[in-house]
Amino acid sequence: MKKAAVSFFLLVLLCAFNLRRDSLFPDYWPEPRVSLSLDSQKIALGRFLFYDPILSRDSSVSCESCHSPYSSFTHIDHALSHGIDNQIGTRNAPALFNLAWQSHFMWDGIANSLQEQNTQPILNPIEMDGDMDFIIRKLKRSDHYRELFAKAFRVDAINEAHLLEALSEFQLTLISANSKYDQVMAGKAEFNEMERKGYEIFKTRCNSCHTEPLFSTYAFANNGLPADTALNDLGRYSLTLNPKDSFLFKIPSLRNLKYTFPYMHDGRFTSLYQVLDHYQFGIAFSTTLAPVLKNGIHLSSNERTELVAFLLTLSDEAFVFKPEHAAPRN
């Protein structure tokens with residue numbers, strides 16, 4: 001009798017775990033690299049911080065300034081990010097979603113954790129130009145934040161470590177897993193004929209770098225973009241100083257392409273057809289070029305249309321307009 005009771009209890013726990021897992025991401029996804037056992041109070045605090053320009057030097061720029069929820073947490077109105085004092089950055093802001101499955105952050109992988117990644121724009125003189133000591137003093141003057149930090153961390157203290165942890169907890173909730181593609185994989189929808197053909201093209205031409213179901217390996221690759229001589233961005237080489245890393249950039253996910261234009265690390269392409277033009281006609285050969293691209297990706301006009309039709313099935317409208325991701329109300 002005791003053994004049966006224990007078995008039943010374990011079964012209930014297992015079911016509860018599966019329900020929690022399925023509610024966060026589909027069962028055909030790999031396990032995340034970090035735990036998703038998140039704290040609701042820390043998430044609430046991180047959400048307020050994400051949308052608050054208090055993190056910038058003059059309280060004019062927030063994380064949301066470059067990572068709008070309505071564009072899948074990137075920006076769409078200009079190629080390069082704009083920061084404090086209307087300064088223009090050197091790269092297009094990466095979209096923020098499915099971060100729990102990634103081990104490196106930023107286009108060149110300069111950050112190995114979300115906490116480290118969050119310091120980059122806050123301290124960058126072109127982006128937010130913040131100073132952590134000054135930010136902490138501003139937060140301590142706020143009754144609202146003193147209350148939120150106390151609830152989140154159960155201590156009467158506001159510090160840099162707690163700030164970065166709260167921001168990370170909120171960002172880990174940004175899981176995009178409800179596109180038409182996901183509905184098809186779950187057996188709840190079907191591709192139309194054009195999408196189905198595009199999916200077959202994708203699997204033979206694109207899947208080695210943009211691997212399902214996350215649609216990226218999140219590795220670093222040279223995709224043959226001719227160098228922008230004005231920006232002179234050498235990608236990961238600028239971090240490692242290893243010539244083998246020249247023009248290597250983190251492979252972005254193809255999810256939510258409907259919302260994340262312009263494309264590439266410098267936002268040079270405004271449409272998916274321009275991206276396909278690059279892969280068919282515009283690849284600049286390099287010793288670090290991804291081998292799969294050395295002969296280009298050649299598609300007929302019909303195949304291009306079919307591939308784009310499939311790529312648009314990766315757009316997750318529910319994620320983009322999810323109320324829990326929007327700016328909180330005080």
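In what follows, every heavy atom counts, from backbone to side chain, and hydrogens, waters and symmetry copies are set aside. Positions are given from 1 along the sequence. As the structure is a prediction and not an experimental result, all values here were calculated from the model.
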Kindly confirm or rule out a cation-pi arrangement of Lys203 over Phe310, judged by NZ or CZ under 6.0 Å from the six-membered ring centre and within 45° of its axis?
no
Heavy-atom check, side chain of Arg304 versus side chain of Asp277, under 4.5 Å:
yes
Would you say Asn256 and Ser176 make side-chain contact, with heavy atoms under 4.5 Å?
yes
Taking every heavy atom of Ser315 against every heavy atom of Tyr259, the minimum-distance pair comes out as CB-CE1, 3.9 Å
Side chains of Lys197 and Glu200: does their closest heavy-atom pair fall under 4.5 Å?
no
Under 4.0 Å between a side-chain nitrogen and a carboxylate oxygen: does that hold for Asp39 and Arg154?
yes
Would a single hydrophobic cluster contain both Ile126 and Met128, if residues Ile, Leu, Val, Met, Phe, Trp and Tyr are joined by side-chain heavy-atom contacts under 4.5 Å?
no
Between Ala309 and Thr313, the two heavy atoms sitting closest are O-CG2, 3.4 Å
Closest approach of Arg255 to Ser179 (non-hydrogen atoms, all atoms of both residues):
NH1-OG, 3.8 Å
Donor-acceptor list for residues 157-164 side chains, cut-off 3.5 Å, not counting sequence neighbours:
residue, atom, partner, partner atom, Å
Asn159, OD1, Ala161, N, 3.2
Asn159, OD1, His162, N, 2.8

Just checking Phe202 against Phe215, ring centres under 6.0 Å apart?
yes
Would a single hydrophobic cluster contain both Phe25 and Leu38, if residues Ile, Leu, Val, Met, Phe, Trp and Tyr are joined by side-chain heavy-atom contacts under 4.5 Å?
yes
If you define the side chain from C-beta out and look only at heavy atoms, does anything of Pro30 sit under 4.5 Å from Pro213?
yes
Close side-chain approach of Phe149 and Asp156, heavy atoms under 4.5 Å:
no
Shared hydrophobic cluster, Met264 / Val308 (ILVMFWY, side-chain heavy atoms < 4.5 Å):
yes
Would you please indicate if the ring centroids of His104 and Tyr218 are separated by under 6.0 Å?
no
Any chain of hydrophobic side-chain contacts (each under 4.5 Å) joining Leu289 to Leu225?
yes
For Leu99, which of Thr173, Leu114, Ile175 qualifies under side-chain contact (heavy atoms from CB on, under 4.5 Å)?
Leu114
Pair Asp52, Ser62 - check side chain to side chain donor-acceptor pair (under 3.5 Å), show working.
CA-CA 5 Å; Asp52 196 337; Ser62 70; over 6 Å; no
Between Gln117 and Ser113, do the side chains contain an N or O donor and an N or O acceptor separated by less than 3.5 Å?
no
Should Leu234 and Leu239 be counted in the same cluster of Ile, Leu, Val, Met, Phe, Trp and Tyr side chains packed under 4.5 Å apart?
no
Kindly indicate whether the side chain of Ile122, heavy atoms from C-beta on, has any atom under 4.5 Å from the side chain of Ile135.
yes
Working to the nearest 0.5 angstrom, can you tell me the gap between Leu314 CG and Leu214 CG?
11.5 Å
May I ask you to say whether Arg137 pairs ionically with Asp131, meaning some side-chain N is under 4.0 Å from a carboxylate O?
no
Validation row, ring centre Tyr263 to ring centre Phe269 under 6.0 Å:
no
Output for pair (Ile297 CD1, Ile283 CD1), nearest 0.5 Å, gives 6.5 Å
Do the two ring centres, one from Phe48 and one from Phe170, sit under 6.0 Å apart?
no
Ile251 side, atom CD1; Thr217 side, atom OG1 - distance, nearest 0.5 Å
3.5 Å
With a 4.5 Å heavy-atom cut-off, do Ile84 and Ser60 have their side chains touching?
yes
Polar side chain donor-acceptor pair, Asn178 to Glu317, under 3.5 angstrom
no
Nearest 0.5 angstrom please: Tyr273 OH to Ser301 OG, how far?
7.5 Å
Could you check if a side-chain atom of Asn112 sits within less than 4.5 angstrom of a side-chain atom of Ser103, using non-hydrogen atoms only?
no
To the nearest 0.5 Å, how far apart are NE2 in His67 and OG in Ser81?
6.5 Å
Would you say the side chains of Ser168 and Asn118 form a donor-acceptor pair under 3.5 Å?
yes
Within 45 degrees of the axis of the six-membered ring of Phe191 and under 6.0 Å from its centre: does Arg196 put its NZ or CZ there?
no
Go through the structure and list residues passing salt bridge (Lys or Arg N to Asp or Glu O under 4.0 Å) with Glu195, not counting sequence neighbours.
Lys180
Sub-6.0 Å ring centroid separation between Tyr279 and His298:
no
Nearest 0.5 Å, please: how far is NZ in Lys42 from NZ in Lys151?
15.5 Å
Electrostatic pair Asp233:Arg91 at N-O distance under 4.0 angstrom
yes
Check Asp182 with Lys188, please: is the shortest side-chain N to carboxylate O separation under 4.0 Å?
no
Asp85 and Arg57 ion-paired at < 4.0 Å
yes
Using the ring of each side chain (for Trp, its six-membered ring), is Phe249 parallel, tilted or perpendicular to Trp107, with breaks at 30° and 60°?
perpendicular
